[in-house]
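The structure under discussion appears below in the form of structure tokens.
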Amino acid sequence: MQRITEKSDVYSYGVVLLEVLTGKHPLDPDLPGGAHLVKWVRDHLAEKKDPSRLLDPRLDGRTDSIMHEMLQTLAVAFLCVSNKANERPLMKDVVAMLTEIRHIDVGRSETEKIKAGGCGSKEPQQFMSNEKIINSHGSSNCSFAFSDDSV
């Protein structure tokens, strides 16, 4: 038994995000080898497979901007389910990251985003932990990409 903390709540929230994004239950019998959803996601990313293949297949055909937002949300979920509690973000930071993902796309056409150079002209930033590095390209409220050291 472990003590319930804010960090365990963040982990649980990350699992819920993964459920929504993948369309799978945490102990889905369709997961290879009877893996837990979090392990399946970690293994998929560790093998350098396309992160968009983790998303629910029913989401195919969505616009690029919507798919991009879902991949950014996947990156946030991945931070939330870190093995080490002290490496998980605070819930207020999770909320801020999720708010910024949607905020950047509201009210801007695809043309405006391209002309603006994606999300901004700031240098790429990294959210780092001992286990993973998640890159944010542009401002801190921009796209996340899984680096080679993500898993």
Side-chain angles (χ1 to χ4, degrees), residues 8-83 87-129 131-151:
S8 59
D9 286 345
V10 169
Y11 183 92
S12 297
Y13 187 74
V15 173
V16 171
L17 282 178
L18 291 176
E19 284 183 81
V20 170
L21 292 166
T22 65
K24 298 188 180 302
H25 296 284
L27 299 174
D28 196 308
D30 294 335
L31 294 174
H36 185 278
L37 179 60
V38 173
K39 181 176 178 355
W40 177 67
V41 169
R42 282 190 187 126
D43 291 350
H44 183 94
L45 296 172
E47 294 169 12
K48 312 263 187 279
K49 294 180 181 176
D50 181 2
S52 66
R53 293 285 183 209
L54 292 168
L55 299 176
D56 190 331
R58 294 175 290 184
L59 300 173
D60 287 347
R62 305 289 178 184
T63 64
D64 286 345
S65 63
I66 291 174
M67 293 301 285
H68 182 73
E69 288 176 4
M70 286 188 271
L71 289 172
Q72 289 178 302
T73 304
L74 178 65
V76 173
F78 191 68
L79 286 172
C80 292
V81 296
S82 173
N83 280 331
E87 293 178 353
R88 296 177 201 145
L90 296 173
M91 196 62 205
K92 69 179 180 120
D93 296 329
V94 172
V95 171
M97 286 185 276
L98 293 174
T99 302
E100 290 175 357
I101 288 169
R102 184 66 182 142
H103 177 73
I104 196 69
D105 287 329
V106 173
R108 289 181 69 182
S109 71
E110 292 303 311
T111 305
E112 288 173 322
K113 286 183 233 171
I114 292 168
K115 285 180 183 174
C119 295
S121 58
K122 292 183 182 178
E123 291 298 313
Q125 297 177 351
Q126 295 182 335
F127 298 94
M128 297 175 58
S129 73
E131 247 180 65
K132 59 190 153 290
I133 299 173
I134 302 226
N135 295 312
S136 98
H137 303 281
S139 65
S140 63
N141 60 355
C142 204
S143 60
F144 294 92
F146 294 98
S147 75
D148 288 345
D149 299 325
S150 293
V151 284

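All values reported here derive from a predicted model rather than from experimental measurement.
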> According to the side-chain hydrogen bond (donor to acceptor under 3.5 Å, both in side chains) rule, which pairs have a member within residues 11-30, sequence neighbours left out?
Replying inline: none

> Sequence neighbours excluded, which residues qualify as salt bridge (charged side-chain N to carboxylate O under 4.0 Å, His left out) partners of Arg58?
Replying inline: Asp56

> Nearest heavy-atom pair of Ser82 and Glu87: which atoms, and what distance?
Replying inline: OG-OE1, 3.3 Å

> Roughly how far, to the nearest 0.5 Å, is the CG atom of Leu55 from the CD1 atom of Ile66?
Replying inline: 12.0 Å

>> For a quick test of reading the model, state the closest non-hydrogen atom pair linking Ile101 to Gln72 and the distance between them.
In response: CG2-OE1, 3.2 Å

> Can you name the nearest heavy-atom pair linking Leu59 to Met67, along with the distance?
Replying inline: O-SD, 3.9 Å

> In chain order, what residues pass the side chain to side chain donor-acceptor pair (under 3.5 Å) check against Ser52, with sequence neighbours excluded?
Replying inline: Asp50

>> For Met91 versus Val10, what's the shortest heavy-atom pair and its separation?
In response: N-CG2, 3.8 Å

>> Let's go through Leu54 and Leu71 carefully: what are the C-alpha distance in whole Å and the side-chain angles of both, what is the deciding distance for side chain to side chain contact (heavy atoms under 4.5 Å, CB included) to 0.1 Å, and is it a yes or a no?
In response: CA-CA 9 Å; Leu54 292 168; Leu71 289 172; over 6 Å; no

> Closest heavy-atom contact between Leu79 and Pro89?
Replying inline: O-CD, 3.6 Å

>> Quick check: do Pro26 and His36 have side-chain heavy atoms less than 4.5 Å from each other?
In response: yes

>> Rounded to the nearest 0.5 Å, what separates atom NZ in Lys92 from atom CE in Met97?
In response: 11.0 Å

> Do you know which two heavy atoms are closest between Ala77 and Gly14, and how far apart they sit?
Replying inline: CB-O, 3.9 Å

>> Within the 4.5 Å heavy-atom criterion, are Leu18 and Leu74 side-chain neighbours or not?
In response: yes

